[in-house]
Structure formats: structure tokens, C-alpha cells
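Throughout, protein chains are lettered first and strands after them, A, B, ... in sequence-line order, and every chain is numbered starting at 1. It should be emphasised that the depicted structure is a prediction, and the values quoted were computed from it without experimental measurement.
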Amino acid sequence: MSANKPDLKLIKNDTPGGENEAYTVAMGPQHPATHGVLKLDLELDGETVIKCRPTVGFLHRGVEKLAENMSYAQVLPLTDRLDYIASMANNVAYSIAVETLLGIETPLRAKYIRTMVMEMARLTGHLLWLATHALDIGAMTVFLYCFRERENLLDMFEELCGARLTTTYTCIGGVRQDVTGHFLETLYAFTEEFPSRVKEYETLIDQNRIWLKRTKGIGVITAEQAVSLGLTGPSLRGSGVDYDVRKHMPYDAYPFVEFEVPIGSEGDVYDRYRCRMEEFLQSNSIIRQCIEQLPAGPVRAEDAPDLVMEYNPAKKVAADATFSSGIIKLMEDRDRYMQGDVYVAAEVPKGELGFYFVSDGHGRPYRMHIRSPSYIHIGALPYLCEGYMVADVIANIGSLDVVLGECDR
Amino acid sequence: MELLWILVKILIVFGVVMLHVAYATYFERKVIGHMQVRMGPMRVGPHGLLQPIADGIKLFFKEDVIPTPADKQVFYAAPLICLISAVSSLAVIPFFEGFAIANINIGLLYIFALSSLASYGVVLSGWSSNSKYAFLGGLRSSAQVISYEIAMGLSLVGVMMMAGSLNLTDIVHAQMSSSFKIYLIPQFLGFFVFVVAMLAETNRTPFDLPEAETELVAGYFTEYSGMRFALFFLAEYIGMIIMSCIGVICFLGGWSGPFHVPGLPFFWFVIKVYLFIFFYYWVRATLPRYRYDQLMALGWKVLIPLALFNIVLTGTIKSISG
Amino acid sequence: MGLLEIATLIQDRYPDQVIEVVTCREQAGVILHKEKILEICRWLHDDPVLQFNHLADLCGVDYLHKKDVRFEVVYNLYSIPTKRRIRLRAQVPEDDCWIDSVTPVWIGANWHERECYDLFGIKFKGHPDMRRILLPEDWEGHPLRKDYPLDGGRRNWRGYDEVKEKARRLREYDFYGMYEDPTKKIGLKDVSK
């Protein structure tokens, strides 16, 4: 498989109009395999990619600017729109970041629930990744098999919070409402079923010779390169670097559950694929442990700020007793309006999703920066694609698992 | 009188095949649908039976968009080349004893010639669209068809040697009088090469590179719409039926069967053809897609040597035994 | 290793560069002058003890009217082998709005810096491809600056005139007079009756 990458030096690239002028193809933004609105300017020699230049920003909505004029709780729904494949994970990541900034301690039950839904989000995210990755390489049936299980998970999300994609389930200091017994039973039944379903996907592609030919030795990236490029998540672990935010900086209930972080070795498309396939089972086991260990108690911190976190902290409004569960409860002046900055990261399906907050002592983020894994991954795409063929570009995009909503913010 | 009979035969074959093409699409959607835990078409008519007709009407009335920079004459001609070469191949297929529009001596060669012609349609459509994806699709297709044409031709040489004829009717007769009744058993190597080359020749998964949706949008017919797109679509499905027919005639004993079905002389032929077509769909629902260079490597490094080996083997056995 | 240890190391090695060491919620940050940022980053990256090989985040912050020096470029570094974290905050004054690029140290800084340039207008010296990234190439201004107008002024959006002109030209195909009377229904039965 080592002969997969041709020597780029052998390819002459003449000036425009010359005999060997490169053939340029603008792949996207309306291309079926670019996972949204990614545009790649490819320079080809025959079918070999000489140069790959990604263009992003077609989905830029200015989330960071919007957040500067909203209270912390109001920003939460915006995070749904980042990685809309697994919005639950973004909710959790954002909540953790704000809790760290404001110094709120979340109740244990809420931590377990959040870990649970985060792993569910990881399953939905990876299921959609596997579906589209397989479809990109041409295996059509895996796509529909994956969507079958994803549908089950989305139904559970709906039962949990009423929404399937844009969940906004967590809130700062906990979760919006407690889980029901029926939900836990359904989820537990799902986790018993799911490993056999993963086997089903693997029988279709894992040992398939064409699949191996299309993924082994393609888009190779060494561990050193991967770290330097800033890859995170399964894309980094496929290269053999043991970096998982859940282990390195444990948050929520991750210190209390047991799981392994699958590591690849070659750093090619196949290893990244294997890492994610292993994560299916690990996430499944985390969900089971969370259900088994779920402690009783409140799901929301007492001092959690609510939707309206006043810009001017001096104002006080007494909480309405009938609304005490918390729709309108105005904030009191507290020392948490501290000045300072924090960077808090969480492991979402795509990689490390980090939030950097600068607080100036008011109820709104003075500056919020989102470190989105997809953005960095697309930036790394030229290093993966150049020297391979057009078909491998598609396999590489799939193996990095990018979502443009998160990339462009 | 002779001429009139030929005309009637043409009409019958054309009509029947067109109907089969329409329902082959329905069959495909149903088969793949059920393989993928879904229903397939269910809305138009009972169990979606009228879906192909609805699709046809839709395609017929759609706006015919022609890109401004396209080379108009070639753009018009390309789908016709594809369709005509596909439909003309039907002329030599013996559907049952004594029923072929033209029972010519070089039937097999004629089919090869026409299927090579079809690749002109593909290449020209890719070139005349003046679109980059279509152009790449056209290039891939020409490379693919040229290399797999050789493998396919060589895979059938064994059959020709055993039957001693290029006439399709004679090949079936020779099989019926051979010891195994079908050539699949003595020619299993040839059959294997033929099946792979057949998938490649008709641009089906896992060799659907010229129209690889996730890489080249739609490949060579990216810029086509409405009726012109439908012509390509028809040509592809007729191509599938023809390749299945050749497979049935050369390896599975044509219209002969374990017992005679009275009144339906084409019964076994149709059953076998549909087995082949089902195989096409099955493969499509199962396998991923090859990469362009891997496909060429498979063709030149595996299939052609295998086919050559098969020829040598067949020749040796034939000279020893006979 | 304590919270401030790495910050102290930086302070010891580059005493003239460090302005202040701040902490917030168990996280330490070092405010620096911009001049030697590339050197400091390279040292942090290459030092066999520190090994800050992961550039977690790079972004700009605009402290308009809040601080004397308007911009800060924030580097969140993480060391995967030693599991340590440090934040560098390099001050960039408005009238001298550039800083050295750290792309020689981390390749992945490329797009971070482009984004920072796009949204704040801070130029990165030595960057291989300093173009806008999220916004169109002909965009005016840098939106994450605090003085960027929030309502976009009273002007029409760019391209408005072209679209209006096109609509005027397409009016000749207005067979049913819908342009003149948008309430007019074409060929549809009135459902209300």
C-alpha cells in the first residue's frame, strides 16, 4: 500500500497556457460530498491532486459577535447551531465553560445526565459520520442502517427535551429537566441492542477488500504532523496520539466512569475509521454505566443563573414562587461577575470544542471565542489530500468528520 | 413479407424491452429498498407500481437545459449515440428458439462493436458539456471501457472456442449438446472475468466511477436534464439487459431449462436474465466504489491475465480431448 | 506542578517581555509584549521539559476603551505529554497592528491567524497566506472590533442595485401582471369561496 502516494516532484506544473497546465476544479460549495458548503479549489494533474485550497465561510453567522450582546443563558441555543449533528454535546461543552467561568458547582445527578446525553450525542454524530463516510466511498447500504439507529436516538432526545436536533437541553448549572424512568428504560434497551448493530455495520465494510483498498494508506498523517496541525478527537487518535479531553481534563461524570480511548497507529483513513468504530462501543458502555450509577438528587444548581442574567447586576427582582422551577428569576448581584478569562474544552464527537471567555464583570460575555474542531480539521485538509487522487479527497473529508456549521460559526 | 415480419419483430422486441427497462428501475428500487430496511416506492399506484410511468412523464416534460458554452451538435448527438448503440445490440439476441431479429454469424462480435460505440456517446457527452466534472467523467469512462472491453472479449473467447461459433443461437445449441448443458461449469474462470467486466462495462457499482455521485456530482451527464438525461438512463438499463442476455446465452444455456414450459418458450431466458439483473442490484447495495487507478489495476493486472490463462486452459483441454 | 510555575518560568527567562501574570478560576495567563512572541512560543514548544505541542486556541480580543493597549492575541497552549496548560496574551497596540506569526511553530496556527486577521484586522508577519477567511474577500471592516457598527448603517447591502436592475429587466416576462399587483392570483382557484 505504500505506493499509493505518487512523488509530487515528478509532476511538472507549467504556467497557465502551458502544455502541462494544471486542471482546476472547484469542488463545492454545491457538491454532494462536501458535507455542506465547503469549497475546495483543486488543481489536478490527471486525477492526482497537486494543490488543494479549501474555502470556508459560506455558513458564517457571526455567533461570536451575536454572543457579545446576549446573556450567557441566551447564547446556549446558538451552540445548537454549531455542530447540528450532535448539538447536545455543544450544549454540554458550553455549559461547562460558563460554569467554570462563573464558579457554579453542578449537582451530581445533572453531571451524570449530561455525560449520558453527551455520549448519546457522540453516538448520533458518529452514526452520521459513518453513514456519510460510507456513502462517499460508495457503500450505500451502511448509510441507511446507520440512520435507523440514529433515528432511535433522536426519538429519545425528543422524549427527553422535545427537540430532535436543536436540543438546548442543558442549562448553566445543570439540565433543564430531569430524565424520566421510561427514557432510561428505552435507552438501556438501546444500549443492549447497539453493539450487535455495530457488528452489522462492520460485516458490511470492515473486511471488505474494496473498502480496505480505499482507506488503507490513504491520507496518512504522522503523529507529529497531526499534533502540529492541531487535529483533535478521533482524527488525532488515529495517528496514535493519546489525547482525549475526557481523560486529560475530566469534566462532568467522566472521572466516575470507566472507558478506554481507542488509539490508531498508521494515521490513515482506515485507522481514523477504526477509532470511531471503537468509540461506538466505548460510548455505549459509558451510557450504561451512567444509567446504572445515576444518583438521586436535584438536576440543577441552586445558584444557577437563569435566562435573564441582568446586564446591570444592581437590579433585583424577587422570584415568583409559582415559577420557581425557573423561567423568570432575575439575578442578584454576586461576586461571580468577576473579571477575567477562561478557556474550557470538552470532547465533542469531532474533537476538542473549546470556549474562550473574556468577562468584564457584566452578565454578557465580553468576548467569546469558539475553538471548533471542524475549522482546524478543514485547515489540515490540504496536508492530507495533496498527492492523492480526487476520490481520496472525498475519503479524507469523510474521515476528518467535518461539519460546516461548526467550522464557519 | 420477410421485411414486414422483421419490422413486426423489431416492434415487439423494442416494446417489450422498453417495458422491462421501465420495470427494471422499479425492481431495482424495490430490491435495494428492502435490502436497506426501507420500502422503496409505495405512493404511486399499489406498492408504487406506477412509479416508472410517473418518472417517465416527469422526465419527458422537464425543461431541456443546454449549457451556453456546450458544443450544441455534439451535445445533442451524444445521448442518441448511447441509446442507438444500446438498442441496436438487441437485434442479434435470440430470446428463444428461432427468435432473433437478425440471426447473423458474427453476433458476439457485433455486440462488442456496438458496446464500444456506446463509449463514444459517453466521451462525447463529457467533452461537449464543457463542464469539468462531465469531462473527468468522460475521461474515466473512456479509460474504463477500453480496458474492460479487452477483458470481456477475452473472457468470451473460451466460449467461442468451445462452441466453435460467434453466432449466438449456435452457442446456445452447442451448450445444449455439451456434457454439462451449460458453459458455466467448464468456463467458470471466463464467467468470473465476464461478470466483473460486465459490471465495469455498464458502469455499475463497484465500477461506477464515470458517474460517481460523491466525486463527480453525476459524471458525464452532469449537464443533461429532462429527456436527454432519460436517454442516458435508458441506454444504461438497456446495456444492463444486454449484458445479462450475453451472460445467459454464453454461460447459462440461453432459453434451455430443466423442463419445458408450454406456451412460454422465453420463460427460462427471462428468469435467467432477471437473476443477472438481481445480481447487479445486490452488488450495488453491498459494495463500495473502487478508485480509478485501482480499477485499472484490477482490469489489467488481474482480469486480463486470468482471461488469457482461461484461453490457454480451454485450448489445451480442447486439443487433448478432441 | 503549581498553577503559576510555568508562568514563573516564562517570567524568569523573559523578564522584560512579561507585563503581568494573571490567574482566573485555576487558570494562569501571562500578559506579554508582542515583540518576542515567536521566540517564546518556539521555546515553549521545543523545550524538552515543557513540550507545549498543542496549540489549542488562538484568538484576538478587542479591549476598546478598557485598556491602554487595544488588542490582545491570546494563545491557549496545552502540552499533551505533561498535561499542562498555559495562556499567553500578547498585547497589540492599534497604531502598530501586527504581530509575528507562529505558523513556523504550529502549522495549525495558519487558519487561526487568518481568522484573527479577518475579524480583528491584526496582521501576522511571516504568515504564508494572509487573506480573509470567514468573510468575503471584499468585505469592509473587521466585525469583531467593538467599534464595528452593529446595524450596518443605513446603506443598502452591496449588490442591491444589481438585483434591482435585474428585477426591472425581468419584468418583461411578467405575463400576469404580478409585479404591478402582487395580490393577483394566477390560475389558482380562490379557496375562500
Mind checking whether [X] and [Y] have side chains closer than 4.5 Å, heavy atoms only?
X: A/Leu44; Y: B/Leu136; answer: yes
X: A/Met140; Y: B/Ile32; answer: yes
X: B/Gln36; Y: A/Phe143; answer: no

Quick check: are there more than 12 heavy atoms from other residues, nucleotides or ligands sitting under 6.0 Å from [atom1] of [X]?
X: B/Lys62; atom1: NZ; answer: no
X: B/His47; atom1: NE2; answer: no
X: B/Phe192; atom1: CZ; answer: no
X: A/Tyr84; atom1: OH; answer: yes
X: B/Phe278; atom1: CZ; answer: yes

Shortest non-hydrogen contact between [X] and [Y], atoms and distance:
X: A/Ala391; Y: B/Arg291; value: CB-CG, 3.6 Å
X: B/Met35; Y: A/Thr141; value: O-CG2, 4.0 Å
X: A/Asn208; Y: B/Thr286; value: ND2-O, 4.4 Å

To the closest 0.5 Å, what do you measure between [atom1] ([X]) and [atom2] ([Y])?
X: B/Arg289; Y: A/Leu135; atom1: CZ; atom2: CG; value: 8.0 Å
X: B/Leu287; Y: A/Ile137; atom1: CG; atom2: CD1; value: 13.0 Å
X: B/Arg38; Y: A/Tyr145; atom1: CZ; atom2: OH; value: 11.0 Å

A/Ala26 versus chain B, the contacting section by heavy-atom distance below 4.5 Å: backbone

Distance-only, no hydrogens or angles: does the A/Lys213 side chain make a donor-acceptor pair with backbone N or O of B/Tyr290 under 3.5 Å? no

Honestly, the part of B/Leu298 sitting under 4.5 Å from a heavy atom of chain A is neither

